[in-house]
Engineer: 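First the structure, which I've put down as structure tokens, then a few questions once you've had a look.
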Amino acid sequence: MANEMAKAYEARLVEDGIYNSWLTSGYFTPENLPNVTDSTEAFTVVMPPPNVTGVLHLGHALENSLMDAMARYQRLLGKKVLLIPGTDHAAIATQAKVEKKLMSEGVKNPRQELGRDALVEKIREFAEGSKATILKQVKKLGTSADWSRLAYTFDDKRNVAVNELFTRMYSDGLIYRGYRVVNWSVKGQSTCSDDEIETIERESVLYTFKYGKDFPIAISTTRPETKVGDTAVAVHPTDDRYKAFIGKTFDVEFAGAKLSIKIIASEDVDPSFGTGALGVTPAHSAIDFGMYEVQKAKQDPIEITQVIGADGKMTADAGSVAGIGFEAARESIVAWLKEQSLLEKEEKVVQNVGTSDRYGDVIEAIPMTQWWLNVNKMIPNRGKTLRDLMREAVTTGLDGKSDQKVSITPDRFTKLYLDRVENLRDWCLSRQLWWGHRIPAWYRGEEIVVGPKPEGDGWIQDEDTLDTWFSSGSWTFSTLGWPEQTTDLKNYHPTHWIQMGYEILYLWLMRMILMSTYALNQIPFKDAYIHGILRDKDGKKFSKSSGNGIDPIEVIEEYGCDALRISVLSGNTPGNDSRYYTEKVEAARNLVNKLWNISRFIFTNADGARHIESVTPKTLADKWILARFSETTKKVSSLIDRYDFSLAIEVLRDFTWNDFADWYLEIAKIEKEKDDVLLYILERLLILWHPFAPFVTEEIYKNFDSGMIIVAKWPAVEYELSSEDQSAFEQVCSTVIAVRNYLSEHKTLPKDVESITMVNAGALAEMESIIGGLTKVRSIRSSNERPESITPIVVGAAQIFVQLPSVDAASEKVRIESGIAEATKFIAAQESKLANADFVARAPEKVIAGERQKLADLQEKLAALQKEHAALL
RNA sequence: GCGCGCAUAGCUCAGUUGGUUAGAGCGUCACAUUGACAUUGUGAAGGUCUGUGGUUCGAGUCCACAUGCGCGCACCA
């Protein structure tokens, strides 16, 4: 068995086989886990469903590493772990992607040329292809997801949930149909929500002009073409320049359009900006539309005139520019203003404009009748609004219940979330797209019915589909069978933990909280871990356009999945971006291989592996390593408990490579008969590594014949080290290091050393053979008599005499003197610290005692060095 | 404009509640090596923790201000 282990770990030869063995075991399904009962604590994680717009990238490798590490850790703790896998139909993103693809293949206008059914079919084909690839990739990443519960945001079950949710919200009066200004993408021919807009900076011209020669007030705008739709001018109510005009209406012919402009007062107008007067275009600005509604409420209405159409062209009401594109219209209007000498000023400004994050074009504000979700309306029988629910969920907990509180890591995102909640506007739900859940609304003449198709003839379903986040918002419970009252829902919801990138905090996290608190009166998850973006080595985002994309599957093929997982998790802290480096993956691969070779060595020596239930330490080194292992177990547990994956890996690496391999395994070669201790630690160390390196640990674990590591038991903390033993072992280590250092300084190989004599060795005396073995010096003894004419190394109270073939007395003097100088410096620092009366009076006893001990040790060392110095002279 | 984050070794980053002479990985330099591992071992060099003030017995850590970089939200008049 032992000699079957290859010299190096070759991930690609074993990973697929291991994943299949997990699938066969059934352990990804929580009900199949050994020893679970109804009362076993559950731990649920939903996978943020990857979009079926394409294949997985490195960011997904980070996501899967995070959530799978968490799931595997919880499983090892004995919990009933459910990780729900799935994919997202990503309505607008996928349709945009397929349309683009079709257009590149020569289909000029896919919607027109193919029609609804054929286009949807094309998108479905594409989506199914991506989905299959994605699911394969998720498996390659080692994700321990329950495939029997695989979900898709656009499958039949999720459609039932979406329709039910929409219908309930409608009958609760939260969803309404309303005529309002929407965000419109001309290119996508659809609305989008406030969250789907990306603002970009661009240069623009701010024009200041008057509507007509007799018009008393000048206004400024960057969008002259919309001014044919102006119906008012707003001024600040206290502005003395314009006060007198408030309430008056001026009729003016502006570029062929007959405008009726009412002067209104609004607190929102900044008197110091431009002319202090604002041309109000209710149809093409959300702010102006707000003024329109305020005026309506005040019973002092202003008109609304739509001058830009959904096709991006000026409407028939646009006067002389009717029918032309808005960009041409702008030029035309500016030319007209110049001709009429109405233009007073032109200045270059930098402005931020919103663009569609999927189609890339500038978003137009256009008034339309759409479906909206009202966040400010009282929910019947709840006495709260959706906004209230979203706020409660992260502050007091729902209805003040602390077990219904979402906590966000890192905490700073809570504040961002809350700011957004307070500024939330009604959510536009309807999209003029074809790929997505069709809105469950039915029309017959004036009648509207929401829900399943009504009885009778002549009902026509709404053409529009739902914002994709409507379905992903219900992900935590739609995947568990809602709206049916399933046992899954009872057992696994609220889910326990979720991870996501900060870029979808508003889009997804917020909506999951909204949906779950509304539909179930439960939070969707208890803990949300927010991670940053994985960037390339130069700190740039991975993207197709920059051509810096890296296929995680290729990395896995070359370095192994475990190496990839470790490399993306180490150095990654909550909420912060991190960089991906090939060197980092190599280092992780080396680490994985180290684990492999440690095992190979132990198995070879122990003649195979066996489970060791408990072990009694025989030597100081045994006591030390067992205690170090216990300490490591404790640390790793608490680090994962607080989502510090990076540090957990560092602690594990440090123990594995430094303590276990470099010290203890080397000692084991000297002390011998350590099979039990080695096997005891190795088996458990593999378990600690399993969440991060599932494949290699499972592969090595096979040797133990203890079943599969995926369902092993997280190690208990069993050993401690007395402080005497601790310092004794530390002294051994410092002695070894000091000797190695000494040899290195004297450019001498250990084999050329005659002997080492330790004088005043104390506890070191018993460790002779270890010190000799670790320094590889062939002869070592402790003695009360110091050898003649050798200057020793001083380690604590002990003097170590290393017999070299030849020694340069002058350099020995320099060595001792620099030692004295260093000790003197630190003693001075210690003394001045302890001489500070305030320090002694106010610092805690423990700190002061520590400082005193430090000083005593230094003084001891200095005395010894000075003695040697005197002897030299 | 409002808000947030980051600034620590050549590079990439750690650094729980303020308490040893500030750490790791990679890289660099020197040395070693036929017994688990060159995907290795040993040793070393390398930092006034962005700056200035403050709080404190004590600050990389807390506070204020400044500088640089990144991001979010508004304002799209």
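To find a chain, count down the sequence lines: A is the first, B the second, and so on, and within it residues start at 1.
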Engineer: For A/E631, is there an ion pair with A/K634 - N to carboxylate O distance below 4.0 angstrom?
Structural biologist: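 A salt bridge is absent here (no side-chain N lies under 4.0 Å from a carboxylate O).
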Engineer: To the nearest 0.5 Å, what is the distance between CD1 (A/I625) and CG (A/L678)?
Structural biologist: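 Those atoms lie 9.0 Å apart.
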Engineer: Would you indicate what A/I287 reaches in the nucleic acid, counting non-hydrogen atoms under 4.0 angstrom: base, sugar-phosphate, or nothing?
Structural biologist: sugar-phosphate
Engineer: So that I know where these two stand, are A/F645 and A/Y529 an aromatic pair - ring centroids less than 6.0 Å apart?
Structural biologist: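 Yes - the distance between ring centres of A/F645 and A/Y529 falls below the 6.0 Å cut-off.
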Engineer: Which nucleotide in the list B/A74, B/C37, B/G43 gets nearest to the side chain of A/S744?
Structural biologist: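 Closest of the options to the side chain of A/S744: B/G43.
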Engineer: Closest approach to the side chain of A/E666, judged atom by atom: which nucleotide of B/C4, B/A36, B/A24 is it?
Structural biologist: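 Looking only at side-chain atoms, A/E666 lies closest to B/A36.
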Engineer: Is the phosphate of B/A74, meaning OP1 or OP2, less than 4.0 Å from a side-chain N or O of A/N423?
Structural biologist: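 No, because none of the side-chain N or O atoms of A/N423 sits under 4.0 Å from OP1 or OP2 of B/A74.
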Engineer: Go ahead and name the base partner of B/C11; Watson-Crick or wobble counts if both distances stay under 3.5 Å, otherwise write none.
Structural biologist: B/G25
Engineer: Which listed nucleotide (B/C73, B/G19, B/U39) is nearest to the side chain of A/P844?
Structural biologist: B/G19
Engineer: Among the candidates B/U42, B/A36, B/G5, find the nucleotide nearest to the side-chain atoms of A/N576.
Structural biologist: B/G5
Engineer: Taking the six-membered ring of A/W508 (Phe, Tyr or Trp), confirm whether the NZ or CZ of A/R420 is under 6.0 Å from its centre and within 45° of its axis.
Structural biologist: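 That pair does not qualify as a cation-pi contact.
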Engineer: Would you kindly give the CD1-to-C1' distance between A/I533 and B/G72, to the nearest whole Å?
Structural biologist: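 After rounding, the gap between these two atoms is 12 Å.
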Engineer: Nearest whole angstrom, please: distance from the P of B/A32 to the NZ of A/K751.
Structural biologist: 9 Å
Engineer: So which nucleotide does B/C65 pair with, by the Watson-Crick or G-U wobble rule with both distances under 3.5 Å?
Structural biologist: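 The base-pairing partner of B/C65, which may sit in any strand shown, is B/G51.
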Engineer: Less than 4.0 angstrom between a side-chain N/O of A/N836 and OP1 or OP2 of B/G58, yes or no?
Structural biologist: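 Checking B/G58 against A/N836, no side-chain N or O comes under 4.0 Å of OP1 or OP2.
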Engineer: Atom CZ of A/F839 to atom P of B/G58: distance rounded to whole Å?
Structural biologist: 11 Å
Engineer: Looking at the side chain of A/K747, which of B/A30, B/U12, B/G19 is the nearest nucleotide?
Structural biologist: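 Among the listed nucleotides, the one closest to the side chain of A/K747 is B/A30.
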Engineer: Tell me whether the side-chain N or O atoms of A/K7 pair up with the base of B/C37 as donor and acceptor below 3.5 Å, since no angle test is needed here.
Structural biologist: no
Engineer: Reckon A/K537 has a side-chain N or O less than 4.0 Å from the OP1 or OP2 of B/C26?
Structural biologist: no
Engineer: In Watson-Crick or G-U wobble terms, both distances under 3.5 Å, what is the partner of B/C31?
Structural biologist: B/G41
Engineer: Given B/C31, B/C26, B/C37, which nucleotide is nearest the side-chain atoms of A/L749?
Structural biologist: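 Looking only at heavy atoms from C-beta outward on A/L749, the closest nucleotide is B/C31.
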Engineer: Establish, with yes or no, whether the OP1 or OP2 oxygen of B/A14 is under 4.0 angstrom from a side-chain nitrogen or oxygen of A/T573.
Structural biologist: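 Answer is yes, contact under 4.0 Å.
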Engineer: Measuring to OP1 and OP2 of B/G41, would you say a side-chain N or O of A/W657 lies under 4.0 angstrom away?
Structural biologist: yes
Engineer: How do A/R223 and A/S578 order along RNA chain B: which one's closest nucleotide is nearer the 5' end?
Structural biologist: A/S578
Engineer: Could you tell me how far apart A/L569 (CG) and B/A14 (P) are, to the nearest whole angstrom?
Structural biologist: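 To the nearest whole Å, that distance equals 14 Å.
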Engineer: Could you state the atom-to-atom distance from CD of A/E196 to P of B/C73 in whole Å?
Structural biologist: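 That distance rounds to 13 Å.
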Engineer: Calculate the interatomic distance between A/D577 atom CG and B/C13 atom C1'; express it in whole Å.
Structural biologist: 13 Å
Engineer: With respect to the phosphate group of B/G25, does any side-chain polar atom (N or O) of A/R653 fall under 4.0 Å of OP1 or OP2?
Structural biologist: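 For A/R653, the contact criterion (side-chain N or O under 4.0 Å from OP1 or OP2 of B/G25) is met.
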Engineer: Side-chain N or O of A/Q830 versus OP1/OP2 of B/U20: is the shortest distance under 4.0 Å?
Structural biologist: no
Engineer: With both distances under 3.5 angstrom, what nucleotide forms a Watson-Crick or G-U wobble pair with B/A59?
Structural biologist: none
Engineer: Does a salt bridge link A/K833 with A/E831, judged by any charged N lying under 4.0 Å from a carboxylate O?
Structural biologist: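 Looking at A/K833 and A/E831, the cut-off is not met.
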Engineer: Between A/K594 and B/U39, is there a contact of a side-chain N or O with OP1 or OP2 at under 4.0 Å?
Structural biologist: no
Engineer: Which atoms form the tightest heavy-atom contact between A/D288 and A/T281, and what is the distance?
Structural biologist: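 Between these two residues, the closest heavy atoms are OD2-N, 2.7 Å.
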Engineer: Return the nearest nucleotide to the side chain of A/L858; candidates are B/C26, B/C37, B/U21.
Structural biologist: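 Selected nucleotide (nearest to the side chain): B/U21.
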Engineer: Base, sugar-phosphate alone, or nothing: which one does A/R589 contact when heavy atoms must sit under 4.0 Å apart?
Structural biologist: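 Answer is base: heavy atoms of A/R589 come under 4.0 Å of a base.
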Engineer: Roughly how far apart, to the nearest Å, are B/A36 and B/G5 at atom C1'?
Structural biologist: 45 Å
Engineer: What is the distance, to the nearest angstrom, from the CH2 atom on A/W596 to the P atom on B/U40?
Structural biologist: 17 Å
Engineer: Scan A/Y581 against the nucleic acid and name what it touches under 4.0 Å (heavy atoms): base, sugar-phosphate only, or nothing.
Structural biologist: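 Contact class for A/Y581: sugar-phosphate only.
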Engineer: Under 4.0 Å from OP1 or OP2 of B/G5: is there any side-chain N or O of A/R412 that close?
Structural biologist: no
Engineer: Does a side-chain N-to-carboxylate-O contact under 4.0 Å join A/R425 and A/D194?
Structural biologist: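 Result for this pair is yes, salt bridge flagged.
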Engineer: Among the candidates B/C75, B/G43, B/U40, find the nucleotide nearest to the side-chain atoms of A/N590.
Structural biologist: B/U40
Engineer: Taking only Lys NZ, Arg NE, NH1 and NH2, and the carboxylate oxygens of Asp or Glu, determine whether A/E364 and A/R223 approach each other closer than 4.0 Å.
Structural biologist: yes
Engineer: Looking only at side-chain atoms of A/N741, point me to the closest of B/U42, B/A44, B/G72.
Structural biologist: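 Within the option list, the nearest is B/A44.
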Engineer: With a 3.5 Å limit on both atom pairs, tell me what B/G3 is paired to, counting Watson-Crick and G-U wobble, or say none.
Structural biologist: B/C71
Engineer: With nearest nucleotides of RNA chain B determined for A/E822 and A/K584 from heavy-atom distances, which residue corresponds to the more 5′ nucleotide?
Structural biologist: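 Of the two residues, A/K584 wins.
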Engineer: How long is the line joining CZ of A/R420 and P of B/C4, in whole Å?
Structural biologist: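 Roughly 17 Å, once rounded to whole Å.
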Engineer: Measure from the side chain of A/Q351, starting at C-beta and using heavy atoms only, and say which of B/A36, B/G43, B/C76 lies closest.
Structural biologist: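 Per side-chain heavy atoms of A/Q351, the pick is B/C76.
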